[in-house]
Each structure stands twice: as structure tokens, then as C-alpha cells.
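Beneath this line is the structure, given in C-alpha cells, with notes to follow.
Every number for a ligand or one of its atoms is a count from 1 in the order of the listing. Count residues from 1 along the sequence.
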Amino acid sequence: MTITNFEIAIEKVNKNMLFQGQTLEVLQDIDLSIKNQEIVSIIGPSGCGKSTLLNIIAGLDNPDAGAISFQGFNQEERLGSVSYMQQKDLLFPWRTVLENISLSLEIKGISKKDSVEICRKYLSEFQLDKFEKNLPHTLSGGMRQRVAFLRTLLTDSEILLLDEPFGALDALTRRNLYVWFMKLLENNPRTVVLVTHDVEEAIFLSDRIILLSQRPGKVQLTEEVSFERPRTHDIIAHPDFVSLKLRLLDRLNEGGDE
Ligand SMILES: Nc1ncnc2c1ncn2[C@@H]1O[C@H](COP(=O)(O)OP(=O)(O)OP(=O)(O)O)[C@@H](O)[C@H]1O
Ligand SMILES: [Mg+2]
């Protein structure tokens, strides 16, 4: 057990997967320490192991070698310590939009009546208020994603793991949500690990960006993002923003298929 000030420490993590009888090396020597209340984005080519890494941090999977610790304590049992929005939304098909979201509050012991009231406020901010009684299969991909995102945010966990939470949204909705999410984190800071394909999104939201190489995913590049918070849309035209974006896109292209 090592004592550190890091909220999440990932030490020398390796992960292999069996695929059609062959062993695939998915993650190699991942060393990554994430500070309390830091927002870290992970980018990298498709298939490089980003979701696998989040699964491992969440405790849905274990590394073949290496260790994960939270607040310096080795975490064999990590499930339940994080709030995880997986790439594939896992809404309960038999619960309505409102019931899917309010579940996060009911689990905390908040009464059903109060949960519903709190959720309704968010539903209107997310333009989902007309759909509160809908079952998930009757929603568009972007709506389902917003429901899953809200459900993840309404938990009490200090750590949020988000796997492409804005992937199915149009550009305008996405940008509005970035600003909304940032404001939420200003008022209620949490440690966030965000996987995204979108370099602009990574720069806009993060304190630090980690670029993984093609599979086996290794940490290829780490970039600090120093723009002050709260950030507004206009920073995307800032010369430092543009040059960081070009640098990251260049490295992504060197690394493979993006
Ligand atoms: N359960 C599994 N069994 C076997 N192989 C798997 C399993 N899950 C993932 N893989 C393989 O591991 C590699 C990494 O997958 P992963 O889903 O972590 O990639 P990713 O970086 O999240 O990709 P994307 O950007 O497309 O979401 C891929 O080659 C994938 O085929
Ligand atoms: Mg993935």
C-alpha cells in the first residue's frame, strides 16, 4: 500500500484480452496519477484501450499486472467508489426517463417525491422535460445519452468516469453542455476522467490531456491545459488553444487511424 496525495493512482498497468483464441495486448505499462478534483481527458485511436482503462479504474475489470489505488489505498474492491457512464448507455429499459435519473437520488436515501422534484429541474435544463414519462427505447441516441449523463452526475461519488458522454450529441448541444458541466464542477468539484474522440472537447474541459498510442495503448503524450476557469466558447479561437489542438491532432495522426 502506498500513500499518495493522488485521488487515483494507476501504476504499471498491463492488460491483455483473449480474442478468437489469440492474446491481444491492450494496455501496456500505464502509469497515471490523477489529482483530487482534476479533470483529465484520455484520447487515442479507436481500439487503443480507452474503455478498457476506464473499466479497470471502475473495477469492472482487473489489470493483469500493476495496481490501482484511490487516495493512496490499494483498491482491490473498487466497484461502488466511482460513478461510471459507460460508452454504451446502460439505461434500465423498463424505467421511464424520470425513473432512470431519480434512481441515483433514491439510492442515496432521498425520498421518491424529493428525488422527482430535483430531477425535474435538471430535465428541463437538458430539454428532456417533455420526455420524462418515456421509456428509453422511444428516445433518440442523443436523448438517451443525456439521460445517462444526468444519472451519472446525480450520484454522490467523488470520482466520475465518463466514456464519450457527448459522442451522440450535435455540436450546439455539446458545446452548451460543456459550459453547463464546467459550471456544475465549479460549484461541486469532483475528479473526472473523460474519454473522448474530440480534441476540442478534451482541451475545453480538461486540466490535463493524456494521449494513448495505438494498441497496445501506452501513454504517448501528456499536455497540461492552463486556460483559466470558468472557460467560455471564445477560447477555441485563442492561439494557444489552436496550437495545442494542432499538436494533438498531429500526434493522433502519427499514432494511427484518427
Ligand atoms: N471483452 C473483450 N474481449 C476481447 N477483446 C476485447 C474486449 N473488450 C475490448 N477488447 C479489445 O480490446 C481493444 C481495446 O478496446 P477498447 O474498447 O478499450 O478500445 P477504445 O480505445 O475504447 O476504442 P473506441 O475508441 O472505439 O471506443 C480492442 O482491440 C478490442 O477489440
Ligand atoms: Mg471505447
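- Close approach to Thr52 involves these atoms of ligand 1, each under 4.0 Å from a residue heavy atom: 14 (C), 15 (O), 16 (P), 18 (O).
- A heavy-atom separation below 4.0 Å is found between Leu18 and ligand 1.
- Distances below 4.0 Å separate heavy atoms of His197 from the following atoms of ligand 1: 25 (O).
- In terms of heavy-atom proximity, Ser69 sits nearest to Glu11 at OG-OE2, 4.0 Å.
- Note that the NE2 atom of His238 and the CD1 atom of Ile203 stand 12.5 Å from one another [nearest 0.5 Å].
- Each of Thr222, Ile42, Ile39 was evaluated against Arg208; a single residue qualifies, Thr222, per the side chain to side chain contact (heavy atoms under 4.5 Å, CB included) test.
- Checking Ser51 against Asp163 by side-chain atom types alone, a donor-acceptor pair falls below 3.5 Å.
- Short contacts between ligand 1 and Arg215, defined as distances under 4.0 Å to a heavy atom of the residue, involve ligand atoms 13 (C), 29 (O).
- Lys50 places a side-chain N or O within donor-acceptor distance of the main-chain N or O of Pro45, the cut-off being under 3.5 Å.
- For the ligand labelled ligand 1, residue Gly44 lies outside the 4.0 Å heavy-atom shell.
- Checked against the 6.0 Å centroid threshold, Phe166 and Phe149 count as a close aromatic pair.
- Of the options Gln22, Glu25, Glu164, Met17, the smallest heavy-atom separation from atom 10 (N) of ligand 1 is shown by Met17.
- In summary, Arg95 and Glu106 engage in a salt bridge, as defined by a charged side-chain N under 4.0 Å from a carboxylate O.
- The backbone N or O of Lys218 lies less than 3.5 Å from a partner atom in the side chain of Ser213, making a donor-acceptor pair.
- With distances taken over non-hydrogen atoms, the option nearest atom 11 (C) of ligand 1 out of Asn16, Leu24, Ile43 is Leu24.
- Atom CD of Gln22 sits in a sparse spot, with 12 or fewer heavy atoms from other residues, nucleotides or ligands closer than 6.0 Å.
- Between Val26 and ligand 1, no pair of N/O atoms sits closer than 3.5 Å.
- By the criterion of a heavy-atom distance under 4.0 Å, both the backbone and the side chain of Lys50 are placed next to ligand 1.
- Close N/O approach between Gly47 and ligand 1 is found [any backbone or side-chain N/O within under 3.5 Å].
- Here Ser51 reaches the Mg ion (ligand 2): one of its N/O/S atoms is less than 2.8 Å from the metal.
- Put simply, Gln87 gets within reach of the Mg ion (ligand 2), with an N, O or S atom under 2.8 Å from it.
- The shortest N/O to N/O separation between Gly49 and ligand 1 falls below 3.5 Å.
- The atoms of ligand 1 that sit less than 4.0 Å from any heavy atom of Gln87 are 27 (O).
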